[in-house]
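Please read all numbers here as calculations on a predicted model, not as lab measurements. Reckoned from all heavy atoms, side chains included, excluding hydrogens, waters and symmetry mates.
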Amino acid sequence: MKYLLTRRYRLRGWQDHHTALYDTVRKTARFLSKEQMILLMRCDGAHDIDEERLPADSRKFLEEAKKAGAVRPAGLLDLLLPEQEYKAYPARYIRQAHWSITGACNLKCRHCFMSAPHAKHGAPSHAQIMAIADQLAECGIFQVGLTGGEPLIRQDFLDIVDALKAREIGVSILYTNGWLVDDRFLDELDRRHVHPGFQLSFDGIGRHDFLRGVPGAEERTIRALKLLRDRKYIVSISMCMHRENRDVLRESVKLMASLGVRSMKCGSMMDLGEWAQPELQHLRLTREEELETFEEYIPQYFEDDAPLSIMLSGAFMYTPGESHWRIYNRRHCTPEEETVMPSCAVLMHNLYIGAEGMVCPCMGMGDCDYAKHFPNLFETPLKEILQTDTPFSRLCGATVGDVRSRNPKCRECPYVDRCIGGCRNAALMAGDDYYAVDPEVCWFFENKGEERITAAAGGAFEAYIRRNPPRNRQNPLPSDSPADCP
C-alpha cells in the first residue's frame, strides 16, 4: 500500500529537534523518533508500505497518522510536493516570536514599561522589517505575535502582514490598544485570510483613560471590543492593577465578558519605563494590597459564574468548565526533576524581538539593566543567536536546578517542593541576576498566599461547581506548547 503525507504537513528538523512533523495550519511541530520520521518519509506516494511487517509501534503510529488526517492512501499519480520534503533549519526550534515592529505609540500610557510615548526604542525601517522576516523564515520560525508600541500606527502594517504570509509566517496574535481597529482594517485582514487573536488592555470602568493618558481611550477600546466580538475574533484582555482601579475589578470583568472577551490577566505594573517615575509611586499596590484585592474578588468571580478565564497575577487562575482552579506560583519540582525541568517553559520555544533589534527571552526584559547582555539581530544574525549552545540559548533553557544551585536558601525553604523559583523577568526587575529568585513568589509563600487563596475560593467554588458541573473534555496542548505565564 502506498501512502501520501497530506499537503497540510511537512517534514522538518531543527538543531535541537532533528525530526518533526510540522503542521502548516496550526503552526506547530510534533517531535518524532527517528523511526517515525523514516516511516513518514516513505509516505511519499512512491514507496510501498507493508503494514503487516511493520513493528507494532510503527504500525500504531501509522494508524494514528491516518486517523489524524496527516497521511492518506496515495493515488496513482500522487507524489510528495517538494516543499513537504525534509528540511533542516540552522537554529534551535522556536515556536513563536513576539515581535515589536515599532517602539512608538499613539497613546501616552502612564505605566508603559518600554516608554512608547517617547518612542524610546525607535522604529525599524521597512527594509529592516523585511530583513527580520527573512531571518525568521531562515530559522524556521513560522508564527509571530505582533506588538509595539502600537503596531497599527505603522503605515506599512498590511505590507508587513503580506510579507509574513509570503514567507508562510502566521500572525497568531495582535497586541493593540484598539484605537485603530475598525471595519476597514478587519476587512483587509479578511481579504488576506489572516485571522489572528487580539489582545487589548482594559484598565477598569471609568479608569481606563487615566492610565492611557488620552481622553476617549476607554470608549475607543469598548468600540473595538464590540467590533471584534461581532466579527468572531478571539480576544483576551490585560488589566494593570493599581490603587485607583482595584475597586472596579468585578464590574470590569463582567463588562469584558459581555463584550465577548475569552480571557483576562490582571497584575501589577513593572517597575520600568513610565511607571518608574517618582510621581506615580503612590499608585502602586503593595504585595499585601494586591493579595487582599484578589482574596476579595475570587468569591465574587465564582458568584458571577466565572464569566471568563482569568489569571490574577501568579496567585490564581481558572478556566470556566474546568474541575479545578490553580495557583500559578505553585508548581512542583522534585530534586530528581530539577536538572531537566525548565525554570520557565515559555522561554524554551519563544523569544522577543525588540524594535531596535534586541533579542530577549521575554518582552519584559527588554528595558531592564540586564538588557545589555542580550544580542541584537542587526549585528548578529538570528541563526547564530539561536544556536543550541549560545549564551542566549542557555538563558532560555535555564532549569530549576540552575536557579536553586545559585540560591542556597531555596534548598532550605519549606516551600521548595512547590516552587520553581518564580519568573525570570521578575527576578531581573529585582536586581541584575537572571538566576535570582523571584521575590514576588517568595513573598507569596512566606505570607500564606496558598492558604489565603484556597480559603477565598473555598465555598464559592464548590457552589459554582454545583451550579455548573465541569465538562469532560480532552483538549491536550500541542507537544511543543508551553504553559501560559501571568
Side-chain angles (χ1 to χ4, degrees), residues 14 16-17 26-29 31 91-100 113 136 139-147 170-173 175 196-197 199 236 238 263-267 270 309-317 319 326-333 337-338 340-354 358-368 370-371 374 382 385-386 388 390 392-403 419-429 434-438 440-441 476-486:
W14 291 263
D16 53 342
H17 297 286
R26 295 183 67 189
K27 305 293 184 184
T28 56
F31 306 129
R92 66 181 179 86
Y93 176 71
I94 298 292
R95 181 173 186 262
Q96 176 169 267
H98 189 180
W99 183 12
S100 176
F113 66 86
L136 293 170
C139 293
I141 303 174
F142 294 115
Q143 187 166 240
V144 296
L146 297 181
T147 186
V171 180
S172 60
I173 189 165
Y175 298 82
Q199 180 165 314
S236 59
S238 62
S263 62
M264 187 168 177
K265 296 179 182 180
C266 303
M270 291 187 288
S309 296
I310 201 161
M311 178 179 280
L312 303 177
S313 190
F316 176 84
M317 58 191 299
T319 297
R326 289 174 52 201
I327 294 175
Y328 189 84
N329 287 338
R330 183 174 61 200
R331 283 174 285 172
H332 297 269
C333 179
E337 296 170 326
E338 66 179 34
V340 294
M341 183 174 181
S343 64
C344 178
V346 175
L347 303 186
M348 292 290 290
H349 293 153
N350 292 259
L351 56 79
Y352 169 68
I353 301 172
M358 181 185 297
V359 181
C360 305
C362 176
M363 183 176 186
M365 300 176 183
D367 207 41
C368 65
Y370 194 87
F374 296 131
L382 187 59
I385 296 171
L386 295 180
T388 55
T390 60
F392 177 80
S393 291
R394 286 194 291 274
L395 289 177
C396 296
T399 65
V400 176
D402 291 329
V403 175
C419 174
I420 63 173
C423 173
R424 299 302 88 215
N425 186 23
L428 284 179
M429 285 191 291
Y434 185 89
Y435 296 97
V437 294
D438 175 353
E440 302 289 336
V441 174
L477 290 172
S479 58
D480 65 338
S481 294
D484 201 358
C485 64

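- In this structure a side-chain-to-backbone donor-acceptor pair under 3.5 Å is missing from R95 to M348.
- When all heavy atoms are compared, the tightest approach of R26 to Q143 is O-OE1, 4.0 Å.
- Of all heavy-atom pairs spanning I385 and T390, the tightest one is O-OG1, 2.7 Å.
- A cation-pi contact, defined as under 6.0 Å to the ring centre and within 45° of the axis, links R331 to Y328.
- S238 has its side chain within reach of Q199: a pair of non-hydrogen atoms, C-beta onward, lies under 4.5 Å apart.
- Closest heavy-atom contact between D16 and Y93: OD1-N, 2.8 Å.
- Listed here is the closest heavy atom pair of V441 and C419: CG1-SG, 3.7 Å.
- Side chains of R424 and M365 form a contact here, defined as non-hydrogen atoms less than 4.5 Å apart.
- Atom CG of L351 is separated from atom OG of S393 by 9.5 Å, given to the nearest 0.5 angstrom.
- One N or O on the side chain of S172 and one on the backbone of V144 form a donor-acceptor pair closer than 3.5 Å.
- Remark: side-chain polar atoms of Y434 are paired, donor with acceptor, to backbone N or O of L395 under 3.5 angstrom.
- Distance check, rounded to the nearest 0.5 Å: CZ of R92 to OG1 of T388 gives 9.0 Å.
- Using a 30° and 60° split on the angle between ring planes, F31 and H17 fall in the parallel class, below 30°.
- Looking at heavy atoms from C-beta onward, I420 lies out of side-chain contact with V403 at the 4.5 angstrom threshold.
- Taking every heavy atom of both residues into account, S309 and T319 meet most closely at OG-CG2, 3.3 Å.
- Between S100 atom OG and M363 atom CE the span is 5.5 Å, to the nearest 0.5 Å.
- Summarising the geometry, atom CE belonging to M311 is positioned 6.0 Å from atom NZ belonging to K265; distances are rounded to the nearest 0.5 Å.
- Atoms SG and CG, from C344 and N425 in turn, are 9.5 Å apart once rounded to the nearest 0.5 Å.
- Within the 4.5 Å cutoff, the side chain of H98 has heavy atoms near those of the T147 side chain.
- Annotation for W14 and A91: closest pair CB-O, 3.4 Å, computed over non-hydrogen atoms.
- Rounding to the nearest 0.5 Å gives a distance of 6.0 Å between CD1 of I353 and CG of L382.
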